[in-house]
Amino acid sequence: MTEVKKLFVKTYGCQMNVYDSERMAEALGAKGYVATDVVEEADMVLLNTCHIREKASEKLYSDLGRLRALKVAKPGMKVGVAGCVAQAEGEEILRRSSVVDLVVGPQAYHRLPQMVEAGGRLVDTDFPVEDKFSQLPERKSLRGPTAFLTVQEGCDKFCAFCVVPYTRGSEVSRPVARLLDEARGLVAQGVREITLLGQNVNAYHGDGPGGAWGLARLLRELARIEGLARLRYTTSHPNDMEDDLVAAHGDLPQLMPYLHLPVQSGSDRILKAMNRKHTAEQYLRLIERIRAARPDILLSSDFIVGFPGETDADHQATLDLIRAVGFGAAFSFKYSARPGTPAAEKTPVPADIADARLQELQALITAQQRAVQDTMVGREVQVLYEKPGRREGQMVGKSDHLHAVHVQHPEGRVGQLMQVRITGSSTNSLAAEPLSGPI
Ligand code: SAH
Ligand code: SF4
Ligand code: F3S
């Protein structure tokens with residue numbers, strides 16, 4: 001019998017890291033590790049890191065600093081660093097921190113169990129030819145009615161600011177048959193909503209019956225799975241938003257009316273310097289096409305402020321684009337120079353100017369987000385209950401438009417899809433009352 005050991009996992013960064021953490025925990029589970037939320041109890045601590053901005057990657061070193069005392073008290077404890085900082089810094093992490101035993105990149109983590117067994121201080125940041133997914137155990141550690149499913153990984157776009165093409169490697173799509181199997185397995189375990197993940201998810205082109213399938217065709221096939229009520233996908237690039245995918249938003253009821261479509265800037269000059277390969281006008285035309293297919297779609301985006309060379313006029317162009325679209329949500333970041341990316345060579349915008357622009361942009365987005373949210377009041381929507389709320393008799397879930405909704409519903413249960421009426425809107429969520437029985 002294998003001895004039971006405890007595993008503590010901390011996940012930084014994007015949803016793909018959330019997915020990867022789950023799969024790493026399962027891979028280690030096959031070696032006798034069970035999850036714990038208490039770091040002090042852990043026999044192994046796994047930090048699944050993000051390299052996207054300087055602040056994100058520095059978090060690793062502050063956490064490693066805190067783990068030092070713990071490891072002194074418990075010398076047998078293993079510390080592993082996974083994810084994008086592992087890929088970017090490799091052995092450097094072992095040199096910088098004596099606390100770390102293992103460093104494993106995002107394309108090598110199926111080999112984590114062997115590394116743990118081998119012992120010693122090891123680094124694996126290869127991009128193996130074999131599909132890591134086919135080497136991982138089947139998914140079983142489910143917590144709720146929603147799940148992520150990685151369909152595509154890596155990126156060939158090389159935006160001038162971004163580390164992802166270096167940390168995740170070039171675009172690879174998983175074969176259709178494997179994805180359908182994984183999705184059916186998830187649904188059999190009670191999952192009702194699947195979010196397809198990829199760094200460039202709409203560039204998906206996996207092997208399927210009859211040749212390469214695009215994302216739209218994959219979504220159409222997934223929509224046929226009995227019991228799978230909702231589909232979403234993220235993150236998309238505007239240039240890969242092909243006609244059949246836009247059309248799918250109009251004719252697939254399972255495809256939820258929410259689309260995260262990062263634009264980064266509204267200035268053509270900056271978009272060009274960022275190597276985004278589209279103009280602001282092209283983005284706006286695309287939004288029109290998407291809204292023609294699905295008029296009630298909620299759009300969200302990512303913005304970078306203070307990209308090298310950004311002037312006040314460029315910043316105003318971004319604000320204009322935000323006003324023109326009317327985003328229901330958005331993430332915005334101050335530009336962070338990343339080692340090895342082309343933009344890192346350029347002269348930065350002074351920090352105080354970038355800070356002021358970020359504040360201005362965020363105020364606009366917050367107001368827009370709130371305005372879109374307020375239009376929901378009085379409407380009937382569906383909510384998938386994900387967990388009980390903090391108040392007695394309350395359930396919390398997401399609406400079709402991905403709004404967090406609190407529903408007063410003492411008979412409600414997790415995994416139930418309910419028709420509700422929105423009764424109120426506050427900063428980050430909506431309140432609602434249940435209308436009909438379970439769907
Ligand atoms: N694949 C997605 C997003 C990848 S990273 C896309 O194509 O848009 C998520 C977001 O982080 C990006 O959309 C961008 O807004 C932000 N980001 C990436 N690199 C950054 C950097 N160097 N500084 C600040 N923000 C950055
Ligand atoms: Fe990074 Fe996205 Fe650009 Fe790829 S498309 S380089 S992931 S921002
Ligand atoms: Fe971060 Fe890597 Fe995701 S850099 S955003 S964890 S792809």
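Everything numeric in this text was worked out from a predicted model, so none of it was measured.
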When you look at Q373 and S425, which way does the side chain to side chain donor-acceptor pair (under 3.5 Å) test go after all the steps? CA-CA 7 Å; Q373 218 182 274; S425 162; 3.1 Å; yes
With side chain to side chain donor-acceptor pair (under 3.5 Å) as the criterion, how do S57 and R338 come out once you've worked through the C-alpha distance, each side chain's angles and the decisive distance to 0.1 Å? CA-CA 10 Å; S57 47; R338 306 306 291 129; 3.0 Å; yes
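Between K157 and Q199 the shortest side-chain heavy-atom distance does not fall below 4.5 Å. The side-chain heavy atoms of V407 and M418, taken from C-beta on, include no pair separated by under 4.5 Å. E386 places none of its side-chain heavy atoms less than 4.5 Å from the side chain of V396. Contact check for H401 versus M256: no side-chain heavy atoms found under the 4.5 Å cut-off. Residues C155 and N200 have side chains in contact (heavy-atom distance under 4.5 Å, counting atoms from C-beta outward). A 4.5 Å side-chain heavy-atom check between F307 and S267 finds every atom pair outside the cut-off. Contact annotation: the side chain of L417 approaches that of R192 to within less than 4.5 Å [non-hydrogen atoms, C-beta and beyond].
Side-chain atoms of Y109 and N48 form no donor-acceptor pair, as typed in the model, at a separation below 3.5 Å. Donor-acceptor pairing under 3.5 Å is lacking for the side chains of T11 and N17. In the model, Y233 has no side-chain atom that pairs as donor or acceptor with a side-chain atom of T195 under 3.5 Å. Defined by atom type and a distance below 3.5 Å, a donor-acceptor pair is present between the side-chain atoms of E360 and H315. With hydrogens and angles left out, the side-chain atoms of N428 and H403 include no donor and acceptor closer than 3.5 Å.
Paired with V201 under the rule side-chain contact (heavy atoms from CB on, under 4.5 Å), one option of L218, T150, T235, V151 passes, and it is V151.
For the pair R174 and F133, the cation-pi criterion (under 6.0 Å, within 45° of the ring axis) is fulfilled. Annotation: cation-pi pair R53/F333 present, NZ/CZ under 6.0 Å from the ring centroid and within 45° of its normal.
Remark: S332 OG to L361 CG distance equals 5.0 Å, nearest 0.5 Å. Note that CD of E153 and CG of D20 are 6.0 Å apart. Values are rounded to the nearest 0.5 Å. With rounding to the nearest 0.5 angstrom, the OG1 atom of T36 is 9.0 Å from the CG atom of L7. Atom NZ of K334 is separated from atom CD1 of I304 by 13.0 Å, given to the nearest 0.5 angstrom. Remark: R178 CZ to E182 CD distance equals 10.0 Å, nearest 0.5 Å. Taken from CG in L179 to CG in L196, the straight-line distance is 8.0 Å, to the nearest 0.5 Å.
Ionic pairing of D314 and R269 is present here: one or more N-O contacts between side-chain nitrogen and carboxylate oxygen are shorter than 4.0 angstrom. Taking a cutoff of 4.0 Å between a charged side-chain nitrogen and a carboxylate oxygen, R217 and D244 do not qualify as a salt bridge. Look at D296 and R291 and you find no salt bridge, because none of the NZ, NE, NH1 or NH2 atoms lies under 4.0 Å from a carboxylate O.
Ring-centre distance between Y166 and H51: not below the 6.0 Å cut-off.
Counting heavy atoms of neighbouring residues, nucleotides and ligands inside a 6.0 Å radius, atom CZ of F331 does not exceed 12 of them.
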